[in-house]
Amino acid sequence: TETKVKELKESILTQVGVLLEDSKTTPDLTEKLNKVKEEVGSMSVSKFNYHRLTQLKNGLILQPYTSSKEHTDQDVKH
């Protein structure tokens with residue numbers, strides 16, 4: 001489980017990093033992505049966090065980045 005959690009965290013942080021690069025002109029999205037990075041980075045290894053990370057990763061894959069005008073607060077899941 002520890003290896004899987006580490007791999008999920010690395011994958012999510014990479015995806016968030018790419019989104020941050022693309023969102024430099026969108027302060028709201030940048031702030032939310034930075035909060036995600038902080039939360040993911042501070043997660044300990046547990047079954048609960050493994051499932052949370054899996055859901056987050058799936059959400060990042062299934063919801064490709066679009067312009068900020070198309071996003072609402074409901075799009076961001078924690």
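Below, each value reflects all heavy atoms present in this structure, side chains not excepted, and no hydrogens, waters or symmetry copies.
Using a 4.5 Å cut-off between side-chain heavy atoms of Ile, Leu, Val, Met, Phe, Trp and Tyr, with links allowed through other members, Leu20 and Leu13 fall into the same hydrophobic cluster.
Applying the side-chain contact (heavy atoms from CB on, under 4.5 Å) test to Lys4 and every residue at least two apart in sequence or in another chain returns Tyr50. Residues satisfying the side-chain contact (heavy atoms from CB on, under 4.5 Å) criterion with Val45, sequence neighbours excluded, are Thr1, Glu2, Val5. In this view, Thr30 and Ser23 satisfy the side chain to side chain donor-acceptor pair (under 3.5 Å) rule, not counting sequence neighbours.
Not one N or O on the side chain of Asn49 forms a donor-acceptor pair closer than 3.5 Å with the backbone of Met43.
Sequence neighbours left out, the pairs with a member in residues 7-21 that pass salt bridge (charged side-chain N to carboxylate O under 4.0 Å, His left out) are Glu21-Lys24.
The distance from the CD1 atom of Ile12 to the CG atom of Leu19 is 12.0 Å, given to the nearest 0.5 Å.
Ion pairing of Glu31 with Lys35 is present here, as a side-chain N (NZ or NE/NH1/NH2) and a carboxylate O approach within less than 4.0 Å.
Contact check for Thr54 versus Leu8: side-chain heavy atoms found under the 4.5 Å cut-off.
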